[in-house]
Amino acid sequence: NVQKFDCRCMCIRVCTLQLLAVDLRRNTIESFYRQHQLRTKLAKLQRERLLRVRLREASPEKSIMSGSAQRRLNATSSHVAHVPKTAKHGRYECGSHADHGVIRSGASVGQQKYFSSQPEDEIRVPAFPMHRQDVLKWNGWGYRDSGFEINEDGFLVFRGEKYDFGGTVMPEFLQWMIEQRGISLEKTSFPQPPFLKDLPAPLKNSPFLRAVEGQHGGLSFDGEDRLFHSHGHTCQEIFAIRHGRPGRIPDAVVWPEHNDHVEALVRAAHNHNVVLIPFGGGTTVSGAVLCPENESRMIVSVDTSKMNRILWIDMENMLARIECGVVGQALENKLAQFGVCTGHTPDSYEFSTLGGWVATRASGMKKNIYGNIEDMLVRAKLVTPTGTIEKSVQIPRMSSGPDVNEVIMGSEGTLGIVTEVTMKIKNMPPVVVYGSVVFPNFSDGVACLTEVAKKQAQPASIRLIDNEQFQFGRAMKAEENSIIAQFVDQVKTFYVTRVKGFGKQDLCVATLLFEGEQDVVDRQQEIIYEIAGRYNGIKGGEENGKRGYLLTFVIAYIRDIAFDYRYIAESFETSCPHSCVENLCRNVKDTIYRVCAEEGVQGEPYASCRVTQLYDTGVCVYFYFGFLHTGLKDPMATFHTVEVKVPSAVDVYSCVLSGEQWPVVPKSAGVRLCASLLRVAHDMTRVSLEPKGGRTARGVAAFVMRACLHTTQGDVVLLTFMPPTLGTR
């Protein structure tokens with residue numbers, strides 16, 4: 001009966017529109033635009049009616065909708081043809097779903113599939129629970145049930161079943177740490193248990209709390225929740241939390257469920273003088289989630305994990321609209337069900353979120369095919385204290401005016417909260433192949449990568465690790481239970497070192513990842529290995545390449561056990577031209593060795609690098625360093641000295657340290673400033689930002705942007721940027 005009633009309603013709507021169309025034909029030329037809109041609505045309604053008939057005839061197995069979406073489609077008329085009154089001149093306000101060319105009914109038309117989830121639908125990407133500390137470490141990296149430990153035989157083993165590496169015994173690594181890094185199993189520094197009783201009582205802003213009632217999916221003053229959201233993953237933050245010195249922590253944690261909730265939270269915080277800190281995956285290494293020590297206002301951590309819906313997928317234009325709290329790995333797994341992917345896989349993608357990628361201008365391992373986040377982003381919605389900002393159109397490219405996306409990307413939560421993102425998607429690659437190349441020295445490896453870049457022959461990923469990192473990875477080699485496998489490994493070593501003459505203390509390895517159609521992958525492998533051969537490189541095998549990328553996700557757990565035995569470790573990255581790579585790597589390592597010696601560090605520190613991204617005009621270099629802090633009065637002070645002096649070694653080569661990885665400005669200063677914003681503000685001459693409800697006239701020749709800086713006194717400073725040519729303010 002519901003279906004029959006719904007069909008009669010559809011027929012009435014279609015007939016009414018047909019009568020209106022007849023009447024409009026008698027009007028003047030001024031009605032042509034209205035006629036066009038009406039015809040568009042009519043066509044969509046008729047298509048919708050046809051789809052309903054097809055869906056009733058289709059079997060449930062062929063539908064890609066959730067049950068609730070099907071029930072909604074059968075019980076109510078679709079809103080596809082409804083153009084919101086707020087969608088004027090191509091501008092879409094918050095909540096508008098009038099994106100051109102996207103069918104939101106979840107129907108399947110021929111070979112084109114469309115997927116949508118309404119707010120009440122339960123088509124969500126799997127997310128971590130609200131109380132993340134139930135499954136994740138509150139004082140270290142990753143899952144609680146995963147990590148390195150020493151077994152009863154005295155060997156290092158990786159525990160946990162979430163990785164293929166789980167249960168793997170590494171008989172050589174612990175000995176390598178003792179002999180090469182100087183650790184002692186008798187001198188330990190294990191983390192302290194949670195010190196919840198010592199946490200300060202939360203500050204509560206009653207007017208704010210009343211204003212946000214019913215505008216969130218959960219609000220907590222629990223000590224464990226507050227502690228988990230009080231830090232990211234820099235060396236300083238983890239060291240402090242392990243030793244019971246967390247500093248200022250949030251007073252509350254709130255979980256919004258969609259954009260409207262975020263708007264209500266930001267509006268209430270703005271009206272009642274409350275500090276909001278966005279919290280995505282919590283993997284930040286820029287200090288972005290730290291609370292200013294002397295902040296006297298209520299601080300609320302805005303956890304986006306409940307904003308985990310894929311709003312729609314457009315298979316014709318290869319776009320997807322996704323909420324900010326979706327975790328990277330879970331997103332890729334969900335998209336794979338529809339045969340597509342984003343291809344964005346930063347090292348933290350098991351835990352980091354889409355909103356965090358945009359806010360930190362993230363780069364992924366396979367950027368050579370899929371691009372960095374700035375290449376994938378089409379539109380982003382940013383909720384600010386003065387309104388919601390979003391590009392007015394969803395098209396491949398615009399040449400008029402500055403791009404507001406450039407303001408949003410890299411802002412790291414200083415300007416607002418990213419809530420929704422429209423991004424590009426691609427079909428799943430039919431072929432994935434790993435590979436590796438061994439070079440006699442780092443210089444030959446760098447020359448090979450430079451030649452690959454000149455020929456623009458980059459595969460999905462190509463990484464070059466130096467000898468120090470090769471030795472590190474070699475020490476982590478899993479125990480071989482097969483005599484044949486041990487024999488093959490010995491033969492390979494003999495061939496490389498004796499036959500080819502590669503020195504064990506000089507050689508380096510490049511790991512390769514190829515993705516795409518079979519003929520494309522075959523051609524790429526042919527080109528890469530041919531170039532590598534010209535620079536004395538030899539094939540290292542597919543298994544070594546695959547293992548190298550697997551270690552990317554496991555190696556982050558190493559720092560936790562290093563901390564247990566008084567070893568401090570950290571990483572940072574920088575970009576530089578091809579011509580500077582060798583000198584840069586040498587100079588940074590020498591600086592680390594020199595500063596550690598001056599600070600009285602026992603033994604030789606560890607310093608290694610890998611060329612992790614290959615661009616046409618340069619590379620991104622990722623550095624690891626660590627040292628034993630036994631005997632140091634203040635380990636973090638020594639670490640900070642190294643942290644401050646290393647950038648001078650980088651500046652010599654006109655390189656740019658990544659703000660996402662290297663906190664050059666001491667976080668204790670409490671200053672949070674987006675440098676990219678300053679550059680954009682300086683270069684812009686005119687722009688019109690029209691937040692929801694704004695009254696800014698279109699085309700106004702002015703650019704006004706305000707940035708809130710938390711100073712050491714806890715004050716809020718409003719900076720207004722105006723082009724000097726505008727004259728009076």
Side-chain angles (χ1 to χ4, degrees), residues 283-286 328 343-349 352 356-358 360-376 409-410 412 437 439 442-443 445-466 468-470 508-513 528 548-549 551-553 555-556 570-589 591-592 607-625 646-647 649-664 675-676:
T283 59
T284 173
V285 286
S286 64
H344 189 69
T345 52
D347 292 355
S348 62
Y349 98 122
S352 58
W357 297 347
V358 174
T360 59
R361 202 181 182 92
S363 176
M365 178 176 66
K366 299 182 287 188
K367 70 92 189 167
N368 294 333
I369 290 181
Y370 304 98
N372 291 320
I373 195 65
E374 62 266 26
D375 304 309
M376 303 177 185
M409 288 186 294
E412 301 214 21
V437 177
F439 294 97
F442 191 66
S443 179
V446 170
C448 175
L449 264 63
T450 303
E451 184 67 19
V452 170
K454 288 180 179 179
K455 293 185 177 297
Q456 296 186 331
Q458 296 98 320
S461 176
I462 178 169
R463 292 176 167 182
L464 178 69
I465 63 174
D466 65 0
E468 287 83 0
Q469 202 164 136
F470 169 76
C508 66
V509 177
T511 56
L512 308 168
L513 174 60
I528 294 296
Y549 287 104
L551 286 177
T552 298
F553 303 108
I555 200 171
E570 185 59 291
S571 62
F572 68 95
E573 63 181 309
T574 184
S575 297
C576 71
H578 291 296
S579 57
C580 300
V581 176
E582 288 186 73
N583 289 335
L584 168 70
C585 295
R586 186 185 308 112
N587 198 26
V588 168
K589 292 179 185 178
T591 301
I592 293 173
S608 70
C609 66
R610 76 165 184 246
V611 179
T612 191
Q613 294 284 20
L614 184 59
Y615 296 89
D616 291 344
T617 58
V619 301
C620 175
V621 185
Y622 206 101
F623 290 92
Y624 292 94
F625 78 97
V646 165
V650 174
D651 291 341
V652 172
Y653 302 101
S654 300
C655 304
V656 178
L657 283 166
S658 168
E660 303 151 28
Q661 297 291 336
W662 188 253
V664 179
S676 61

For residues Phe442 and Leu464, determine if any side-chain heavy atom of one lies less than 4.5 Å from a side-chain heavy atom of the other. yes

Val621 side chain reached by Cys585 side chain, heavy atoms, under 4.5 Å: yes

Does the side chain of Ile528 come within less than 4.5 Å of Val452's, by heavy atoms? yes

Side chains of Thr511 and Ile465, heavy atoms from C-beta outward: is any pair under 4.5 Å? no

Under 4.5 Å between any side-chain heavy atoms of Cys620 and Val611, yes or no? no

Close aromatic pair by centroid cut-off 6.0 Å: Phe553 and Tyr349: yes

Minimum-distance pair of heavy atoms, taken over all atoms of Cys576 and Leu584: SG-CD2, 3.6 Å

Among side-chain atoms of Asn372 and Gln613, is any donor-acceptor pair under 3.5 angstrom? no

Min side-chain heavy-atom separation Asn368-Ile462 under 4.5 Å: yes

A cation-pi test, strictly: NZ or CZ of Lys367 under 6.0 Å from the centre of the six-membered ring of Tyr615 and no more than 45 degrees from its axis. Yes or no? yes

Apply the side-chain contact (heavy atoms from CB on, under 4.5 Å) test between Leu449 and each candidate in Val619, Leu614, Val581; give the one that qualifies. Leu614

Do His344 and Tyr370 come within less than 4.5 Å of each other through their side chains, counting heavy atoms only? no

Examine Phe625 together with Phe623 and report whether their ring centres are nearer than 6.0 Å. no

Please examine the side chains of Val646 and Val588, heavy atoms only from C-beta on, and report whether any two atoms are closer than 4.5 Å. yes

Salt bridge between Arg463 and Asp347, side-chain N to carboxylate O under 4.0 Å? yes

Decide whether Tyr622 and Thr574 meet the rule of one side-chain donor and one side-chain acceptor closer than 3.5 Å. no

Would you tell me whether Glu573 and Thr612 have side-chain atoms, one donor and one acceptor, within less than 3.5 Å of each other? no

Worked check of salt bridge (Lys or Arg N to Asp or Glu O under 4.0 Å) between Asp466 and Lys589: CA-CA 12 Å; Asp466 65 0; Lys589 292 179 185 178; 2.6 Å; yes

